[in-house]
There are 2 protein chains.
Amino acid sequence: MRNLGAEHANLDQKVHQILKHMIMDRQLLPGEKIPQEKIAQELGVSRTPLIAALKYLEQEKLVESKPRRGFYVRLFSKEEMVSIFELREVLEGLTARRTAQKITDAEIETMARFFSQFDLDREIMDFKAYSREDRRFHTFITEIGAKEFLKSILETTNIISFSYQLINSEGLVRSPDETIHEHLAVIEAISRRDPKAAEELMRRHFKKTIAALTRDIKADEAA
Amino acid sequence: MRNLGAEHANLDQKVHQILKHMIMDRQLLPGEKIPQEKIAQELGVSRTPLIAALKYLEQEKLVESKPRRGFYVRLFSKEEMVSIFELREVLEGLTARRTAQKITDAEIETMARFFSQFDLDREIMDFKAYSREDRRFHTFITEIGAKEFLKSILETTNIISFSYQLINSEGLVRSPDETIHEHLAVIEAISRRDPKAAEELMRRHFKKTIAALTRDIKADEAA
DNA sequence: TTAGTGTTTTTTGTATTCAAAATACATTAT
DNA sequence: ATAATGTATTTTGAATACAAAAAACACTAA
């Protein structure tokens with residue numbers, strides 16, 4: 001194999017992205033061991049950048065290293081999912097606050113179009129489309145309100161909750177008909193440039209999701 | 001050199017810890033380039049685990065990699081310090097809430113002894129001791145209230161604020177005589193097992209610090 | 001002097017190598 | 001058959017090797 005060594009600046013970031021997608025797309029299943037030599041060959045790189053990428057993922061908690069045994073795709077329990085949503089509650093609350101402080105008029109216009117494809121009077125059937133819009137919305141807010149540190153944390157917590165959809169097929173904990181109103185309320189508060197309300201509403205949105213998750217867990221335990 | 005390779009399970013975690021301390025203790029100064037070969041030799045390891053450790057630190061934002069140029073100790077501006085304290089506000093707020101929910105009686109007793117060495121009627125002169133107690137307190141709360149993900153994020157934001165002392169020699173933004181009452185209020189709320197108050201008071205504590213920091217920045221700009 | 005150019009040295013990113021550990025496999029004894 | 005033991009294979013963690021890029025240095029020409 002040719003020595004790519006000095007030609008590329010960042011082979012491990014590339015590998016990192018690929019692995020992340022493999023986990024998100026469930027090509028690598030939770031609990032599974034990651035075969036280093038095999039994947040390295042598939043990607044046409046040596047184990048060096050692959051291991052670097054795996055260590056990134058380890059810090060992002062998407063992967064776990066058992067010393068002398070290798071890397072395994074991480075498995076999250078429902079309890080851990082609750083912790084992750086609690087984190088998102090405070091982090092995205094902060095993001096919403098900051099966004100309300102610094103959003104531009106043009107951005108407010110763009111934001112107004114989010115969720116407009118969905119009719120409030122009719123039951124939302126297309127979960128996939130709604131889930132996608134949900135992500136787009138949270139990403140949009142993040143882009144405006146979060147600086148790099150917060151952004152990188154949010155990115156990984158988001159990926160975690162979306163890639164480990166324990167609840168239903170599209171990673172939604174609650175029904176769109178319930179959450180769309182909360183989303184619109186957040187949008188409205190940000191448009192008003194009301195940081196306090198934006199943070200409060202975003203947190204309430206997550207708190208409800210956490211409550212739903214907790215209920216699910218209790219139901220499981222009863223069963 | 002002896003091949004430690006297969007004897008140790010985790011050389012890079014060890015190197016990571018050492019580097020972290022070198023940054024905290026200002027043996028490596030912000031902006032400085034990290035000489036890989038030199039440090040590797042000092043620690044008696046090869047560049048492999050050192051680079052792995054540097055990549056950990058990169059994700060923690062303590063270090064920054066300029067492609068093809070090497071790793072540099074990260075430099076934070078006052079504005080970025082504000083962002084970091086905003087993060088701590090919401091994260092430690094969450095931690096305080098969780099701690100109030102699950103603290104044991106024994107832990108409450110231990111917690112009651114925090115800051116007891118300081119006399120409320122007398123001006124606190126020993127900044128170093130106070131700073132140490134401050135850290136101990138935040139670490140104590142974290143141990144109880146934060147699960148792994150939150151814990152690891154808190155650890156790095158803490159290190160950043162304490163290692164980049166822009167304000168005064170011990171990394172304190174405000175005077176102990178001011179903050180000790182806030183600390184005691186948080187302790188009291190947690191002892192009462194009042195999650196809401198604990199979170200609220202912890203956040204208020206940080207909000208005041210952020211306000212002080214912001215004032216400093218404005219004063220700088222005027223000068 | 002100073003700017004520009006060529007040359008040497010150092011450092012970087014990645015591949016390769018290697019000993020030790022873990023695992024898989026086979027063989028024998030029960 | 002099943003368990004216990006020994007042997008071969010694979011995989012891991014880390015050192016080393018090496019080509020290309022960057023930095024340091026030296027020399028010449030304005």
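By convention in this document, chain letters (A, B, ...) are assigned in the order of the sequence lines, proteins followed by strands, and residues within each chain are numbered from 1. Note that the structure is predicted; figures quoted are calculated from it, not measured.
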What does [X] touch in the nucleic acid at a heavy-atom separation under 4.0 angstrom: a base, only the sugar-phosphate, or nothing?
X        : value
Gln36(A) : sugar-phosphate
Lys33(A) : sugar-phosphate
Lys55(B) : nothing

Please lay out, stage by stage, how Glu60(B) and Lys20(B) fare under the test salt bridge (Lys or Arg N to Asp or Glu O under 4.0 Å).
-> CA-CA 10 Å; Glu60(B) 294 176 349; Lys20(B) 213 163 179 171; 3.6 Å; yes
Interatomic distance where [atom1] belongs to [X] and [atom2] belongs to [N] [whole Å]:
X        : N       : atom1 : atom2 : result
Lys66(A) : dG13(D) : NZ    : P     : 13 Å
Ile51(A) : dA14(D) : CD1   : C1'   : 9 Å
Leu43(B) : dA14(D) : CG    : C1'   : 14 Å
Leu50(A) : dT11(D) : CG    : P     : 13 Å
Ile34(B) : dT10(C) : CD1   : P     : 21 Å
Tyr72(A) : dA22(C) : OH    : P     : 11 Å
Glu37(B) : dA23(D) : CD    : P     : 18 Å
Gln41(B) : dT11(C) : CD    : C1'   : 13 Å

Does the separation of the ring centres of His183(B) and Phe114(B) fall below 6.0 angstrom?
->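 Ring-ring flag for His183(B)/Phe114(B): false, centres at least 6.0 Å apart.
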Heavy-atom donor-acceptor pair, Arg69(B) side-chain to dG13(C) base, under 3.5 Å | no
Rounding to 0.5 Å, atoms NZ (Lys38(B)) and CG (Leu43(B)) come to a distance of 10.5 Å
Salt bridge (charged side-chain N to carboxylate O under 4.0 Å, His left out) pairs, two or more places apart, involving residues 101-111 of chain B |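 The answer is Asp105(B)-Arg193(B).
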Would you mind telling me which residue lines up with the more 5' stretch of DNA chain C, Arg47(A) or Pro35(B), judged by nearest nucleotide?
-> Pro35(B)
With sequence neighbours excluded, tell me which residues meet salt bridge (Lys or Arg N to Asp or Glu O under 4.0 Å) with Arg47(B).
->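 Salt bridge (Lys or Arg N to Asp or Glu O under 4.0 Å) check on Arg47(B) returns nothing, list empty.
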If only side-chain N and O atoms of Ser46(B) are considered, is one of them under 4.0 Å from the OP1 or OP2 phosphate oxygen of dA15(D)?
-> yes
